[in-house]
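Quick notes on the structure that follows.
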Amino acid sequence: TLNEIYNYYEQTQEKSKASYIMLNIAQINKEIYKYEQAKTMFTRILTLDCEKPNSLLARVKLDLAEIEESSSRFHVAKNLYKEALEHAKQSEDSQLLAEAYFKYALQEDDEGNIDSAMQNYLNCIKISENPEENTYLSSAYTNLASIYLERNNPNDAIKYFNLALKLDEKQSNFEGLHFIYTKLGELYQKNNDQEAMTMYMKALFAAQNLKDDFYVASTHLDIGDYYYSRQKNELALKSYLQAQKYARQKNSVENTEKIRVRIKDIAVKMGKQKFNEYMDKLRSHARKK
């Protein structure tokens with residue numbers, strides 16, 4: 001077993017080899033959520049009296065940071081991410097460096113240090129724009145695009161969303177596609193109605209491929225809001241009713257309440273008689289199916 005191999009190397013004073021065995025054991029414990037055992041082993045690696053390459057130190061501190069973050073010790077986690085990044089910069093492992101840049105960028109992003117977050121996302125991207133060499137590339141593009149969107153810079157937001165889109169389409173990453181198509185739908189609503197609806201329909205396709213009622217309900221809600229903002233009340237109502245169906249299946253109280261309020265508002269705008277007539281029309285159509 002790994003434990004026996006580790007004990008052998010430790011007894012023979014080959015502690016450098018022992019540290020890698022211990023790393024494997026710690027990572028297995030982390031993967032099966034035995035965080036305390038994993039944390040103990042990661043910490044022990046750091047205190048071993050032997051030469052430890054920067055790539056090993058970076059890997060250990062990245063894993064330790066994730067454990068601390070999962071325990072809501074965010075300040076400790078951020079310091080570990082920062083230390084891991086410094087080690088990764090001194091290693092020859094570009095994939096590890098891309099990961100360290102990305103995860104430190106996330107920390108800065110969460111804390112509102114946006115300029116620093118942007119720079120670290122860009123650093124991650126610069127490591128390699130080949131997704132086989134940089135598995136964080138799509139996420140870095142997406143997060144950078146989201147920042148540009150929040151800063152009212154639609155051109156750069158669209159640029160980076162489209163870069164992420166190309167990667168997620170190749171990898172059939174439907175969760176990433178759903179997020180990007182939804183954001184592009186929001187962006188295009190301001191000046192390109194047709195393109196906005198195209199994006200929302202693609203977001204719906206991605207949500208259906210995820211087979212997750214929450215995503216499907218949220219997208220129908222977005223489509224309903226699109227129609228509602230253009231005073232196309234009947235189309236909006238149809239989308240809200242679809243959203244309501246999927247939200248109920250998912251038992252999403254928050255979404256269900258949002259949809260109920262919107263349907264009530266449309267009923268007032270359409271007038272009671274017209275609203276009831278349209279609802280009867282939809283029920284009749286549903287029975288014919």
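Predicted, not measured: the structure shown is a model, and the values here were computed from it.
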Using side chain to side chain contact (heavy atoms under 4.5 Å, CB included), reason through Tyr33 and Ser70 one step at a time and then give a plain yes or no.
CA-CA 10 Å; Tyr33 306 107; Ser70 71; over 6 Å; no

Do [X] and [Y] pair up side chain to side chain, a donor and an acceptor below 3.5 Å, judged on atom types alone?
X      : Y      : answer
Glu83  : Asn79  : no
Lys269 : Tyr228 : yes
Asp93  : Ser55  : no
Tyr81  : Glu69  : yes
Asp193 : Tyr188 : no
Gln27  : Asp63  : yes

Check [Y] with [X], please: is the shortest side-chain N to carboxylate O separation under 4.0 Å?
X      : Y      : answer
Glu36  : Lys39  : no
Lys78  : Glu108 : yes
Glu277 : Lys274 : no
Glu99  : Lys103 : yes

[X], [atom1]: over 12 other non-hydrogen atoms inside 6.0 angstrom:
X      : atom1 : value
Lys89  : NZ    : yes
Phe205 : CZ    : no
Lys238 : NZ    : no

Between Tyr200 and Tyr181, ring centroids under 6.0 Å:
no

Measure centre to centre between the rings of Tyr160 and Tyr148, then say whether the value is under 6.0 Å.
yes

Working to the nearest 0.5 angstrom, can you tell me the gap between [X] [atom1] and [Y] [atom2]?
X      : Y      : atom1 : atom2 : value
Phe42  : Lys61  : CZ    : NZ    : 13.5 Å
Ile259 : Lys245 : CD1   : NZ    : 12.0 Å
Leu96  : Leu62  : CG    : CG    : 6.0 Å
Asn134 : Tyr101 : CG    : OH    : 12.0 Å
Leu57  : Gln90  : CG    : CD    : 9.5 Å
Ile147 : Asp115 : CD1   : CG    : 9.0 Å

Tell me, with the steps shown, if Lys211 and Val216 meet side chain to side chain contact (heavy atoms under 4.5 Å, CB included).
CA-CA 8 Å; Lys211 296 180 172 58; Val216 176; over 6 Å; no

Donor-acceptor check, side chain of [X] to backbone of [Y], threshold 3.5 angstrom: yes or no?
X      : Y      : result
Ser172 : Asp168 : no
Asp109 : Ala105 : no
Ser128 : Asn130 : yes
Thr47  : Arg44  : yes
Ser91  : Ala88  : yes
Lys190 : Glu186 : no
Gln95  : Glu133 : yes
Ser239 : Leu235 : yes
Tyr246 : Phe214 : no

Contact summary for [X] and [Y], nearest pair of heavy atoms:
X      : Y      : result
Gly185 : Ala196 : O-CB, 3.6 Å
Met279 : Leu237 : SD-CD2, 4.1 Å
Ala206 : Leu177 : CB-CB, 4.2 Å
Ile125 : Glu129 : O-CG, 3.6 Å
Ala140 : Tyr121 : CB-O, 4.1 Å
Phe102 : Cys124 : CB-SG, 3.9 Å

Answer whether the closest heavy-atom distance between the side chains of [X] and [Y] falls below 4.5 Å.
X      : Y      : result
Met199 : Thr182 : no
Arg59  : Tyr20  : no
Glu234 : Ile266 : no
Tyr215 : Glu175 : yes
Glu92  : Asn54  : no
Leu184 : Ile180 : yes
Leu85  : Leu97  : yes
Ser229 : Gln189 : yes

Taking [Y] as the starting point, is it possible to reach [X] by hopping between hydrophobic residues whose side chains are less than 4.5 Å apart?
X      : Y      : value
Leu221 : Leu187 : no
Tyr35  : Met41  : yes
Tyr240 : Phe275 : yes
Leu149 : Leu122 : no
Ile25  : Leu64  : yes

Where do Asn120 and Tyr104 land on the side chain to side chain donor-acceptor pair (under 3.5 Å) test, with the steps shown first?
CA-CA 7 Å; Asn120 281 284; Tyr104 187 67; over 6 Å; no

Decide yes or no on side chain to side chain contact (heavy atoms under 4.5 Å, CB included) for Ser19 and Leu56, but give the supporting numbers first.
CA-CA 9 Å; Ser19 64; Leu56 174 64; 3.6 Å; yes

Evaluate Lys82 against Gln107 for side chain to side chain contact (heavy atoms under 4.5 Å, CB included), listing each step before the verdict.
CA-CA 9 Å; Lys82 188 174 183 179; Gln107 298 298 304; over 6 Å; no

Tyr226 six-ring face occupied by Arg230 cation (under 6.0 Å, within 45°)
yes

With Asp225, which of Lys232, Arg262, Lys258 fulfils salt bridge (Lys or Arg N to Asp or Glu O under 4.0 Å)?
Arg262

